[in-house]
Amino acid sequence: MRVLVTGGAGYIGSHTLLELMAQGHEVCVLDNYSNATPQVLTRVRALSNGELGDVTGDVRDASTLDNLMQDFRPDAVIHFAGLKAVGESARKPLAYYDVNISGTLALLNAMSRAGCNKIVFSSSATVYGEPRYLPYDETHPTNPMSVYGRTKLMAEQILTDWAAADAPRGAVLLRYFNPVGAHASGDLGEDPRDIPNNLMPFIAQVAVGKRDALAVFGDDYDTPDGTGLRDYIHVVDLARAHVAALDYAQRHTGARPFNIGTGQNYSVFDMVKAFERASGRKIPTQVTSRRPGDVAAMLADASRANAEMGWQATHDLNDMAASTWAWQSKNPDGYGADS
Ligand code: NAD
Ligand code: UFG
């Protein structure tokens with residue numbers, strides 16, 4: 001299949017490129033490098049020895065999209081391109097609505113003009129909001145607590161209406177839980193441009209000495225060790241979920257959400273210990289106050305993805321920690337060290 005991957009140079013996109021190419025798909029990336037470097041694609045090519053097309057451009061740009069549709073003629077699109085920082089989304093709401101919503105609209109318009117009917121979308125478990133019960137299944141009510149989360153839910157609704165409007169269309173909405181880890185080679189990984197917002201990249205930067213200590217955001221939650229519980233999903237498992245979703249989209253019409261998690265959750269201290277084991281280094285921690293907006297626990301019921309797409313996570317906590325360490329120790333300055 002010919003697959004257009006928007007945001008393919010990013011963290012999750014880059015790992016997905018490798019899985020797509022390994023399955024024989026023909027792939028072309030569209031990225032504006034607002035949160036990535038073209039160096040990523042050089043590494044993907046080296047790891048795959050494969051042909052990979054790429055176009056530098058913005059997903060909101062209709063003429064770039066029309067040219068791509070005409071030249072590459074994708075059978076399907078995987079739409080990663082977007083802004084993703086919860087805190088920043090409160091400070092820059094219009095930027096988030098513009099990139100995440102106008103970007104999705106521009107893409108669907110171009111697909112409609114070109115007769116491209118299948119799309120896989122990067123959604124997030126954050127669309128559920130405060131849990132009414134756990135594990136979340138896909139019928140759990142949605143109530144996102146941030147601008148970012150609202151853009152994801154709105155985009156899901158737009159995709160659902162688009163898919164319903166014409167019979168052959170299909171949209172697969174992947175609600176990711178907490179993506180972590182890296183390619184086992186240590187050549188691809190997550191490269192935050194600023195102080196990391198997320199737990200694993202922060203721990204990894206403490207391990208290589210770039211930061212002094214991990215601030216643990218609260219140890220007074222109603223959880224076994226008092227710290228937040230999350231359903232961490234290895235990025236390679238997540239990448240494979242996109243390959244399964246493409247196959248599902250070929251066989252189905254309409255829109256359908258799927259949780260992508262492991263069904264197991266870990267605390268902040270579980271993650272620290274796993275990383276200490278993988279790296280052989282001590283991670284100093286300091287407990288601070290809770291981070292506003294954090295929930296005590298998240299957990300996926302991923303049985304729908306298993307039953308309907310034949311997808312299941314295969315990597316465990318040790319794989320997550322070991323691959324993150326492989327990436328961080330080989331690239332202490334991320335892709336920057338290589339450019
Ligand atoms: P990322 O920032 O590493 O990747 C996003 C990519 O999109 C980057 O390469 C960036 O340069 C590109 N991009 C951004 N705006 C663009 C635009 N206007 N035009 C073209 N390209 C553009 O992020 P990621 O972690 O790989 O996340 C990918 C997707 O998954 C995002 O939509 C994100 O919201 C979603 N998601 C991520 C997480 C997570 O924790 N990483 C969780 C749930 C959902
Ligand atoms: N944490 C710390 N210290 C840190 C960073 C995180 O203690 O420096 C804790 C958090 O309080 C939380 C856990 O580690 O308990 C995981 O935090 P992350 O920031 O890694 O992940 P979140 O679950 O907060 O964020 C994820 C996704 C977002 C999504 C959000 C909504 O990364 O895309 O869930 O729940 F919007």
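Numbers for residues simply follow the sequence, beginning at 1. In listed order, ligands and their atoms are each counted from 1.
- Between the side chains of Asn331 and Arg43, at least one donor-acceptor pair of N or O atoms lies under 3.5 Å.
- Between Thr126, Asn198, Ile195, it is Asn198 that holds the heavy atom closest to atom 27 (C) of ligand 2.
- Here His315 and Tyr232 keep their ring centres 6.0 angstrom or further from each other.
- Not a single heavy atom of Glu190 lies less than 4.0 angstrom from ligand 1.
- Ligand 2 has no nitrogen or oxygen under 3.5 angstrom from a nitrogen or oxygen of Lys84.
- Protein heavy atom nearest atom 12 (C) of ligand 2, with residue, atom name and distance: Arg230 NH2, 3.7 Å.
- Between Ala313 and Thr262, the shortest heavy-atom contact is CB-CG2, 3.9 Å.
- Residue Ser124 has at least one heavy-atom neighbour below 4.0 Å for each of these atoms of ligand 1: 43 (C), 44 (C).
- Gly103 does not count as a contact of ligand 1, since none of its heavy atoms falls under 4.0 Å from the ligand.
- Within ligand 2, counting atoms from 1 as listed, the ones closer than 4.0 Å to a heavy atom of Asp294 are 10 (C), 11 (O), 24 (O).
- The ligand atoms of ligand 2 that sit less than 4.0 angstrom from a heavy atom of Val86 are 36 (F).
- For the pair Asp225 and Lys273, the salt-bridge criterion is not met [side-chain N within less than 4.0 Å of a carboxylate O].
- Side-chain N/O atoms of Ser63 and Asp66 include no donor and acceptor closer than 3.5 Å.
- Note: no N/O pair closer than 3.5 Å links Tyr176 and ligand 1 by distance alone.
- Close contacts between ligand 1 and Ser122 involve ligand atoms 29 (C), 30 (O), 32 (O), 35 (C) [criterion: under 4.0 Å to a heavy atom].
- In terms of polar-atom proximity, Met200 is not counted as a contact of ligand 2, lacking any N or O under 3.5 Å from an N or O of the ligand.
- Summarising the local packing, CZ of Arg132 is surrounded by 12 or fewer heavy atoms from other residues, nucleotides or ligands at distances under 6.0 Å.
- For the pair Lys118 and Asp75, the salt-bridge criterion is not met [side-chain N within less than 4.0 Å of a carboxylate O].
- Here the protein heavy atom with the shortest distance to atom 27 (O) of ligand 1 is Ile12 CD1, 3.7 Å.
- Those atoms of ligand 1 that come under 4.0 Å of a heavy atom in Gly57, given as number and element, are 19 (N), 20 (C).
- The only option from Glu156, Arg60, His79, Lys152 that meets the side-chain hydrogen bond (donor to acceptor under 3.5 Å, both in side chains) definition with Thr104 turns out to be His79.
- When hydrogens are left out, the protein atom nearest atom 29 (C) of ligand 1 is Phe80 O, 3.3 Å; that is the closest non-hydrogen contact.
- Between the choices Phe177, Tyr221, Tyr266, Phe217, the shortest heavy-atom distance to atom 7 (O) of ligand 2 belongs to Phe217.
- In this structure, of Tyr96, Tyr33, Tyr148, the residue bringing a heavy atom nearest to atom 36 (N) of ligand 1 is Tyr148.
- Each of Phe121, Trp311, Tyr176 was scored for a ring-ring contact (aromatic ring centres under 6.0 Å, His included) with His242, with one residue passing: Tyr176.
- Counted by atom type alone, Tyr148 and Glu88 present zero donor-acceptor pairs between their side chains at under 3.5 Å.
- Ligand 2 is never approached by Gly149 to a heavy-atom distance shorter than 4.0 Å.
- Using cut-offs of 30° and 60° on the angle between ring planes, the pair Trp325 and Phe275 is perpendicular.
- Look at Thr6 and you'll find every heavy atom at least 4.0 Å from all atoms of ligand 1.
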Side chain to side chain contact (heavy atoms under 4.5 Å, CB included) between Leu107 and Ile119, intermediate numbers included: CA-CA 10 Å; Leu107 181 61; Ile119 185 164; 4.0 Å; yes
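- Ligand 1 places these atoms under 4.0 Å from at least one heavy atom of Ser123: 43 (C), 44 (C).
- When Val180, Asn178, Val268 are ranked by how near their heavy atoms come to atom 34 (O) of ligand 2, first place goes to Asn178.
- Taking a cut-off of under 4.0 Å to the non-hydrogen atoms of Val99, the atoms of ligand 1 that pass are 15 (N), 18 (N).
- On a distance-only criterion, Leu199 and ligand 2 share at least one N/O pair closer than 3.5 Å.
- Comparing Lys152, Arg291, Met298 against atom 24 (O) of ligand 2, the shortest heavy-atom distance belongs to Arg291.
- The distance from ligand 1 to the heavy atoms of Ala9 drops below 4.0 Å at these ligand atoms: 9 (O).
- Inclusion of Gly10 in the set of residues having an N or O under 3.5 Å from an N or O of ligand 1 is warranted.
- Protein heavy atom closest to atom 33 (O) of ligand 2, with residue, atom name and distance, is Tyr148 CE2, 3.8 Å.
- In terms of the side chain to side chain contact (heavy atoms under 4.5 Å, CB included) criterion, residue partners of Val55 (sequence neighbours excluded) are, by chain and number, Cys28, Leu30, Thr64, Leu68.
- Listed by atom number, the atoms of ligand 2 under 4.0 Å from Gly228 heavy atoms are 15 (O).
- Among protein heavy atoms, the minimum distance from atom 3 (N) of ligand 2 is reached at Ala215 O, 2.7 Å.
- Numbered from 1 in the order shown, with element, the atoms of ligand 2 that lie under 4.0 Å from a heavy atom of Asn197 read 5 (C), 19 (O).
- Nearest protein heavy-atom contact of atom 1 (P) of ligand 1 is Asn35 ND2, 3.8 Å.
- Within the structure, ligand 2 has Tyr232 among the residues with a heavy atom less than 4.0 angstrom away.
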Residue pair Arg240, Thr314: steps toward the side chain to side chain contact (heavy atoms under 4.5 Å, CB included) verdict: CA-CA 10 Å; Arg240 289 177 184 159; Thr314 61; 4.2 Å; yes
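- Of all the atoms in ligand 2, the ones that sit under 4.0 Å from a non-hydrogen atom of Val216 are 7 (O).
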